[in-house]
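Because the structure is a prediction, the values reported are computed rather than measured.
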2 protein chains.
Amino acid sequence: MHKTTVEQWQVLRTVIVSGGYSRAAERLNRSQSSVSYTIAQLQDRLGAELVVVEGRKVRLTEAGAALLRDAAPLIAQFEALEARAGALAKGAQASLRLAIDSAYPKRPLFAVLRDFAERFPHTQVDLVEIIRLGAREARARSDLAIVFQAGDVLEEHRLRDVELIAVAHCRHPLLTRSAAGLTTADLGGHLQVALVDGRDPDRAAGLSGRRFWSVNTLEAAREAVLSGLCFGWLPEETIADLLDAGELRRLPLSFGARRSIPLSLVLADAGTAGPATRALAAMILERDGTRGSHPPSRPAGLIPPDQEGDAGGSGPFAPE
Amino acid sequence: MHKTTVEQWQVLRTVIVSGGYSRAAERLNRSQSSVSYTIAQLQDRLGAELVVVEGRKVRLTEAGAALLRDAAPLIAQFEALEARAGALAKGAQASLRLAIDSAYPKRPLFAVLRDFAERFPHTQVDLVEIIRLGAREARARSDLAIVFQAGDVLEEHRLRDVELIAVAHCRHPLLTRSAAGLTTADLGGHLQVALVDGRDPDRAAGLSGRRFWSVNTLEAAREAVLSGLCFGWLPEETIADLLDAGELRRLPLSFGARRSIPLSLVLADAGTAGPATRALAAMILERDGTRGSHPPSRPAGLIPPDQEGDAGGSGPFAPE
DNA sequence: GTATTTCTATCGAAATTTTCGATGGAAAGG
DNA sequence: CCTTTCCATCGAAAATTTCGATAGAAATAC
C-alpha cells in the first residue's frame, strides 16, 4: 500500500535542518543507527537517493530537495491533524453549524468569527446564509442561528436591528424629479428588486404580476440597484460606501424610507450545545446584542406600517 | 513524535468507504483482524473514538467524520508525494528553471506550460521573468531561457518576434492633435514610461534628466500608459484588448511606431539538459519557433533605427 | 423461534519491523 | 600524525504488526 511513513519524512527533515544524522538522532531522542536506518529505509522504499554524505556533511540530492519541499507542508498538516484529533479527544467541538439571515451584516460577523477561530482552532464552522431565516428551519439545520423572526424559542437574544434603506442609483428617474418627498404611489411605475429564496416557489409566485424582480442573493440585489434597473430596500451596512461615493442615493420617501429588521440569536438546542457554540453565541452577543436578553416577545414592526400595505411593501424582503 | 501513520488513516478511510472491516480487509489484502487492530490502534493513540460499531454497521463519530474529512486530502497528497518520488527515482527531472524575457507574451507561454505540466506532472517549473534577459545571465540562472539577445551560444533557436507598439491613452494630448503623423520630436514634451530592471542602477541612471519614468514590471508599464500619464512602446499581445476597446490608441508616428524585439530560445547547458528541459524546448519551438533553427547570427534591428537615437529611443526597454 | 449468516473483538503465535549499542572506516581539525 | 566527529553496518533485543482461529453479537433466513 504505502511505501513510506510521514515519520520517515520527518526524520529526513530533521536530518537536513540539524545538519547531520547524529544531531538529528539527538534531537529525536533516538540512537544514531536508528536515524541511519530510517533514512536508508526511506530511500530503499522509494528506490531513489535523497541524500548524499560528502565526508562529514549531509547534502540533499536534487530529487531529495524537490521531494522534501513537497513533504514539508505535508508533515505540518499531518501534525495539525493529530493536534485536532487530540483536541477533539479532550472534548473539543468538531464543528458548528451557523445559519444566518442574509440581512445580517457580514463584516462584523467575520470579525467575530476570526476571534472565534483563534480561540477554537479545531472547531470548523459551516455557515449557511438563508434569505428569510425563521426559527423553526434554523433549529433544524444549525446549532446556532441568527434569525429574522423568533418569538417562540426559549434561548433567544435580540441583536441590534438591521436598517434597510430605500435607495436607487443616483441617476434613477425617481431621484431626478423634485427633491421633495415621494409617496409610495410614485414607486408604482418603477421596478423594485426583492430578495427571495429561490427554492421557495410560493414566495416567488406571490410577486408575479407586480413590478418586482426577485433575486437570490444580497449581492445580486445590490447590483440590480447599482445598475439603475431597480430601486429597493437594502441593508445599510452593505451600501454605506456606495452612499458615501454618491453612486446610490436614498429615496426621499415621505414614509417608510427606513425599515428595521429585527434579528435574534437562537441556540438550536440549548441542552446539547457544545462549549464552542456557547462561546460563539456569547461573542456575537457581546458585539451585537442589545443590553440584556429580552423575553421571547414578538418583535414589533415586523413589516413596518405602510399606507397601502402593497405597492411599497416589503423592501427587498418578500412579503409573507 | 508522531502518534499515527498515514496508513492508519488510509485504513480508516477504506473501512468507511467500503462499509465495514471485513470488506476493507478484502480490499486491502489483509486479514480482518489486522484491520480491526489498526483501527483500534489509531483510536488508542489519539485517545478518541472515531467509529462506533452499531450491530453490523460501522458509523463515524462526529469527531471521526471531522478528522477523516481533514485526513482525506492528506492521504491523496501523500500518495502524490510518493508518486513523484517514484518518478524521480526512474530518472524524471525534479525541476526546471525557466527564465524569460519580460517581453515574451505570457498567454502562449502558459498554454505551453499547461501541456507541459500534463506530460511531466512531476517536474516543477520555476519561472523567472527578467526585464532584459541576456544570454549570459540566463545561462547562469536557468536550464532554459527565452532571451532578448543571444548570438553567442550554440543551442539557440529564433522565436517569433515580439512587436512593440507605440501607444497612449485615447485622451492623451499626443492623440488629440492632428491625426497626421507625429515625429519623434513631438514626443519630446511628453512623459514616456520605460521598463527597467530595478536592480540595475546604471540603466536607471541612464534615464535621469530625461522625460522618462521607469517601471519594474510590464503590468506597471501598462497601467502607466492606461492612466494617461505616459506614452510608451508596449508588447502588442499585452494590449490587444485595450486597443480593441479603444482605451489605448496607437501613436501615428511617421517612423518607429512598431518595433520588433528578437527573442531566442536558449538551452543553458545542452549537454546536461534533462528530458523535461528538452521536451519543453521542443514544445515552445513548435508553437513559437520560426521555421528552422537559425545559425547564431546577431539578430537585426536590436534597437530600430531612429532619427535622433535619443528622444524617441528605446521604447519601454531601456537603452543600453 | 430457531438456525444461519455476517460481522467485529480478541487471543496467542508467528513474522516483520524497528531500535539499540558496538564497531569499523572515512573525513575533518588540531 | 593524532584525535575527534561522523556515518554505515552488524547482531541482538525489543516492539509492532499480521495472521488464523475463535467467540460473541446482530441481522437475516427459514
Tell me if a side-chain donor or acceptor on Thr123(A) pairs with a main-chain N or O of Ala276(A) at a distance below 3.5 Å.
no
Would you say dT5(C) has OP1 or OP2 under 4.0 Å from some side-chain N or O of Arg56(B)?
no
Partner of Leu28(B) by side chain to side chain contact (heavy atoms under 4.5 Å, CB included), out of Val15(B), Thr38(B), Thr14(B)
Thr14(B)
May I ask you to verify if any side-chain N or O of Thr38(B) is less than 4.0 angstrom from the OP1 or OP2 atom of dT18(D)?
yes
In terms of the nearest nucleotide of DNA chain C, which residue is placed more toward the 5' end: Gln41(A) or Ser34(B)?
Ser34(B)
Between P of dC19(D) and CG of Leu28(B), the distance in whole Å:
10 Å
Is a donor on one side and an acceptor on the other found under 3.5 Å between the side chain of Gln32(A) and the backbone of Ala25(A)?
no
Within this structure, what is the CD-to-P distance between Glu26(A) and dG21(C), rounded to whole angstrom?
14 Å
Side-chain donor/acceptor of Glu54(B) to base of dA27(D), under 3.5 Å
no
DNA chain C: 5'-proximal contact among Ala40(B) and Gln32(A) (nearest heavy atom)
Ala40(B)
Side-chain atoms of Ser31(A) come closest, of dT17(D), dA9(C), dC20(C), to dC20(C)
Could you state the CG-C1' distance from Asp44(A) to dA8(D), rounded to the nearest angstrom?
13 Å
Looking at Ser22(A), does any N or O in its side chain come under 4.0 Å of the phosphate oxygens OP1/OP2 on dC7(D)?
yes
Check every atom of dC7(C), dT17(D), dG20(D) against the side chain of Tyr37(B) and return the nucleotide holding the closest atom.
dT17(D)
From C-beta outward on Ser36(A), which listed nucleotide comes closest to its side chain: dA8(D), dT16(D), dC6(D)?
dA8(D)
Length of the line joining Tyr21(B):OH and dG20(D):P, which is rounded to integer Å:
19 Å
Separation of Arg30(A) atom CZ from dG21(C) atom P, in whole Å?
13 Å
Gln43(B) CD to dA9(C) C1', straight-line distance once rounded to whole Å:
12 Å
What contact category does Val58(A) fall into here, base, sugar-phosphate, or nothing, at under 4.0 angstrom with non-hydrogen atoms?
sugar-phosphate
Working to the nearest 0.5 Å, report the span between CG of Leu81(A) and CG of Leu67(B).
6.0 Å
What do the steps show when you test Glu7(B) against Arg30(B) for salt bridge (Lys or Arg N to Asp or Glu O under 4.0 Å), and what is the final call?
CA-CA 13 Å; Glu7(B) 193 165 351; Arg30(B) 294 189 187 183; 2.3 Å; yes
Over all atoms of both residues, closest heavy-atom pair of Ala89(B) and Gly47(A):
CB-O, 3.4 Å
Could you check whether any side-chain N or O of Arg45(A) sits under 3.5 Å from a backbone N or O of Lys3(A), counting only pairs where one atom can act as donor and the other as acceptor?
yes
Using five pairs at each end of the helix from dG1(C)-dC30(D) to dG30(C)-dC1(D) to define an axis, what is the angle between those two axes, to 10°?
30°
For atom CD of Glu7(A) and atom P of dT17(D), their distance in whole Å
10 Å
Take atom CZ of Arg278(A) as the centre, draw a 6.0 Å sphere, and report whether it contains more than 12 heavy atoms from other residues, nucleotides or ligands.
yes
Kindly point out which of dT8(C), dC7(C), dT17(D) is positioned nearest to the side chain of Arg23(B)?
dC7(C)
What's the CD-P distance between Gln8(B) and dT16(D), to the nearest Å?
12 Å
